[in-house]
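Every value quoted in this text rests on a predicted model; they were computed, and no experiment measured them. Position 1 is the first residue of the sequence; numbering continues from there. Start at 1 and go down the list; that is how both ligands and their atoms are numbered. Excluded from the calculations below are hydrogen atoms, water molecules and symmetry mates; all remaining heavy atoms, backbone and side chain alike, are included.
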Amino acid sequence: MNFEEIKNMEDQYQLNTYKKLPLAVERGEGVYVYDTNNKKYLDLYGGHAVALIGHSHPRVVNAISEQAKRLIFYSNVVYLEIRAKASKAIINVAPSDMTKVFFCNSGTEANETAMKIARKFTGKQTIIAMKNSFHGRTIGSLSATSLGNYRKQFSPLIEAFKFVQFGNINEIESALDDDTAGVILEPIQSMAGVEIADEQYYKTLRDICTDRGIVLIFDEVQTAFGRTGSWFFGDKIGVIPDIITTAKGIGGGIPIGAVLINEDISKTIKQGEHGSTFGGGPIAAAALLANIEVIRENNLVYNAEKVGNYIFDNLKDIPVVKDVKGRGLLIGIELNDDAVKVRDFLIGRGIITGTSAKKNTLRLLPPITLKENDLRIFFESLKEYKM
Ligand SMILES: Cc1ncc(COP(=O)(O)O)c(C=O)c1O
């Protein structure tokens with residue numbers, strides 16, 4: 001089928017909830033995807049931060065096809081060797097305080113899980129969340145989301161949320177009360193335009209939650225597994241939350257979410273209190289395991305930091321670039337022009353990037369397998385962009 005045929009059919013039958021780029025992707029290999037005309041694109045958007053180790057990584061392809069031949073699915077009512085290995089592998093790369101994993105299928109489900117656990121653990125209701133946050137589209141995670149128009153038209157949402165300015169400890173302190181169960185935040189607010197706080201903010205937040213006995217939740221749906229130059233955001237600065245939620249890139253492209261939970265909390269959770277039919281299914285578990293091995297064996301956590309720094313350095317003297325934010329390969333480029341215009345120009349040059357909630361901020365969420373050499377076309381194109 002050609003592009004027009006695919007577009008027409010998809011538009012006719014798929015619910016019209018997505019604004020799509022004008023291309024049909026046919027295949028992917030590493031940091032590149034190819035459209036129906038065999039045009040090659042450098043994918044600096046990574047299929048929405050999912051293609052963490054590149055598209056169709058052979059190790060993931062092999063792991064899921066071998067697993068599919070043996071067993072495509074069985075739920076958590078039985079034990080599975082592949083799930084056992086995946087559980088051990090993710091706990092081994094997680095901060096040492098995290099001793100248990102709960103598998104689910106998406107970022108929003110991971111956040112729902114974390115917030116349920118925070119409520120149950122503390123016996124309290126209110127969750128403090130951040131202004132400009134994005135945590136997902138299901139009712140609980142949407143209730144924790146304050147960014148843009150996502151909430152509009154779905155009220156009343158769950159009311160027991162209080163929103164404070166990201167990076168501002170005083171606002172957290174004022175929002176705390178006897179009914180606070182926990183605090184949820186993206187350690188780097190990605191959709192908001194890749195905003196990061198001072199190191200001290202995370203440290204003080206950790207101390208406050210510890211002192212109060214409330215649950216600190218890091219939504220690492222975008223930041224986990226090396227993207228920011230460490231396996232998890234807090235690794236480098238020594239700030240470990242009580243619960244980490246992850247999804248997107250952790251399954252090498254296969255849908256999987258994982259909630260990592262510390263020992264104090266996990267030992268309070270009893271059988272039957274939570275579940276998810278597909279959580280930790282064999283295909284997802286095989287993909288997760290292969291993904292972790294690829295990241296570790298190829299030192300991709302270090303690569304993310306190295307190539308991220310290279311991007312920061314090379315964007316400095318480009319006229320359309322005003323400022324660069326982020327860490328590792330989660331990068332927000334503040335532009336002197338409209339981000340949609342620049343994104344569309346780059347698509348024409350064979351480069352896919354993302355936008356954000358900020359009109360002038362372009363986002364890069366590429367595979368962490370990205371090499372310096374891949375990026376020449378990106379810098380050249382940005383230099384040639386006429387404002
Ligand atoms: C930080 C963050 N949390 C949660 C989600 C929701 O993830 P999902 O779309 O897998 O439900 C996203 C998705 O973009 C996200 O960026």
* Just wondering, do Ser381 and Phe345 contact through their side chains at under 4.5 Å, heavy atoms? -> yes
* **Lys/Arg N to Asp/Glu carboxylate O, Glu380 vs Arg349, below 4.0 Å** => no
* Please confirm whether Tyr32 and Tyr41 have ring centers closer than 6.0 angstrom. => no
* **Heavy atoms from other residues, nucleotides or ligands near CZ of Phe3 exceed 12 (cutoff 6.0 Å)** => yes
* Lys40 to Tyr34 six-membered ring, cation-pi geometry met (6.0 Å, 45°) -> no
* Asked: Taking ILVMFWY side chains as joined if any heavy atoms are under 4.5 angstrom apart, and letting links pass through other members, which residues group with Val259?
  -> Phe102, Met115, Ile117, Phe121, Ile127, Phe134, Ile139, Leu142, Leu147, Tyr150, Phe154, Leu157, Ile158, Phe161, Phe163, Ile184, Met191, Val215, Ile217, Ile243, Ile261, Ile265, Ile269
* Asked: Listing by chain and number, which residues have a heavy atom under 4.0 Å from ligand 1?
  -> His48, Ser106, Gly107, Thr108, Asn111, Phe134, His135, Gly136, Glu186, Asp219, Val221, Gln222, Lys248
